[in-house]
Every structure is written in structure tokens, then in C-alpha cells.
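Treat the numbers as computed from the prediction; the structure is a model and nothing was measured.
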Amino acid sequence: QLHLEESGGGQVQAGGSLRLSCIASPLMPDDNGWGWFRQAPGKEREGVACIEGNSGIIEYSDDVKARFIISRDDAKNTLYLEMNHLKVEDSAMYYCAAAPLCMVIARSDDDALDARGQGTLVTVSS
């Protein structure tokens, strides 16, 4: 069974940067979408960034485009999310997830995911 574990969250001032990491075990299947979604208290889940399996196509939400960068290191079986120019509204629990398609990670309930981590909290203060 696929296990995902996030790290790298924390508290940062607006305008600052953080880098999140997600380690998969065992190896992430090549045909899996692998990405990040976030959820703030009282708000709906929001897909943030994702890399499609096989094609490697990268997708970002409009809110984070040009500020966040998603990447993966297959040698380390790790997914990263580099978050720059952070805003207060970026504050949320960030989750790493795997699914057949990135669309599933962004829009679906946990039951549709192949795996989801426990989350890492990002707090951006003004």
C-alpha cells in the first residue's frame, strides 16, 4: 500500500517562501498523478499543483500559478512544492496525494485517492 508523508510546513511572513516535501513509499507508480491540495478551516478542498503520471504534464491552480513550483525527484521518490511570495490566503493544511489523474486529486474525496498524507500546516502571517 502506498504511503505518503509530508514535511516542510511552518509559519512564515507574507512574501516569504517555504518548500514542502512528500516522500512516497514504496516507489510511486509511473502512471500515477502526484500532487498537492490544500484545505483551510471552513473552506473547500483546493487543488494546488500536480504532475500527471506518464505524460509529466504539470498543472497549477490559478491562485498559485507563477508563485509555486512543483517538482519531483524520482531518485529520492519525493515530490516537492516550492512556495514563493506567500500570501495570508495561502494559509491551510497542505496534503500530498496520489491518484490516477490530477483532476481526481483536485476535486475528489479521499475515497477516490490512491493515497494521501497526513498533511503539513502552512501559516502565513501579515
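Listed by first and then second residue, the salt bridge (Lys or Arg N to Asp or Glu O under 4.0 Å) pairs that reach into residues 113-126 are D110-R116, sequence neighbours excluded. Sorted by first and then second residue, the side chain to side chain donor-acceptor pair (under 3.5 Å) pairs with a member in residues 2-28 read S17-N84; sequence neighbours excluded. Sorted by first and then second residue, the pairs that involve residues 53-126 and meet disulfide bond (SG atoms under 2.5 Å apart), not counting sequence neighbours, are C22-C96, C50-C102. Among residue pairs with one or both ends in residues 83-105, those qualifying as ring-ring contact (aromatic ring centres under 6.0 Å, His included) are F37-Y95; sequence neighbours excluded. Contacts classified as side chain to side chain donor-acceptor pair (under 3.5 Å) and involving residues 96-105 (residues at least two apart or in different chains) are not found.
Annotation: side chain to side chain donor-acceptor pair (under 3.5 Å) contacts of N54 (sequence neighbours excluded): none. Considering only residues two or more places apart in sequence or on other chains, A99 meets the side chain to side chain contact (heavy atoms under 4.5 Å, CB included) condition with V104, I105, L113. Residues forming a side chain to side chain donor-acceptor pair (under 3.5 Å) with D90 (at least two apart in sequence, or on another chain): R38, R67. Scored by the side chain to side chain donor-acceptor pair (under 3.5 Å) test, D31 finds no partners at all (sequence neighbours excluded). Remark: D111 pairs with no residue by the side chain to side chain donor-acceptor pair (under 3.5 Å) rule, at least two apart or across chains.
For L101, the CG atom sits in a packed shell: over 12 heavy atoms of surrounding residues, nucleotides or ligands are nearer than 6.0 Å.
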Side chains of residues 117-126: which donor-acceptor pairs under 3.5 Å do they make with residues two or more places apart or in other chains?
| residue | atom | partner | partner atom | Å |
| --- | --- | --- | --- | --- |
| T120 | OG1 | G9 | N | 3.0 |

Could you pull out every donor-acceptor pair under 3.5 Å between side chains of residues 74-81 and any protein atom, sequence neighbours left out?
| residue | atom | partner | partner atom | Å |
| --- | --- | --- | --- | --- |
| D74 | OD1 | R72 | NE | 2.8 |
| D74 | OD1 | R72 | NH2 | 3.1 |
| N77 | OD1 | M28 | N | 3.1 |
| N77 | ND2 | A24 | O | 2.6 |
| N77 | ND2 | P26 | O | 3.2 |
| T78 | OG1 | K76 | O | 2.8 |

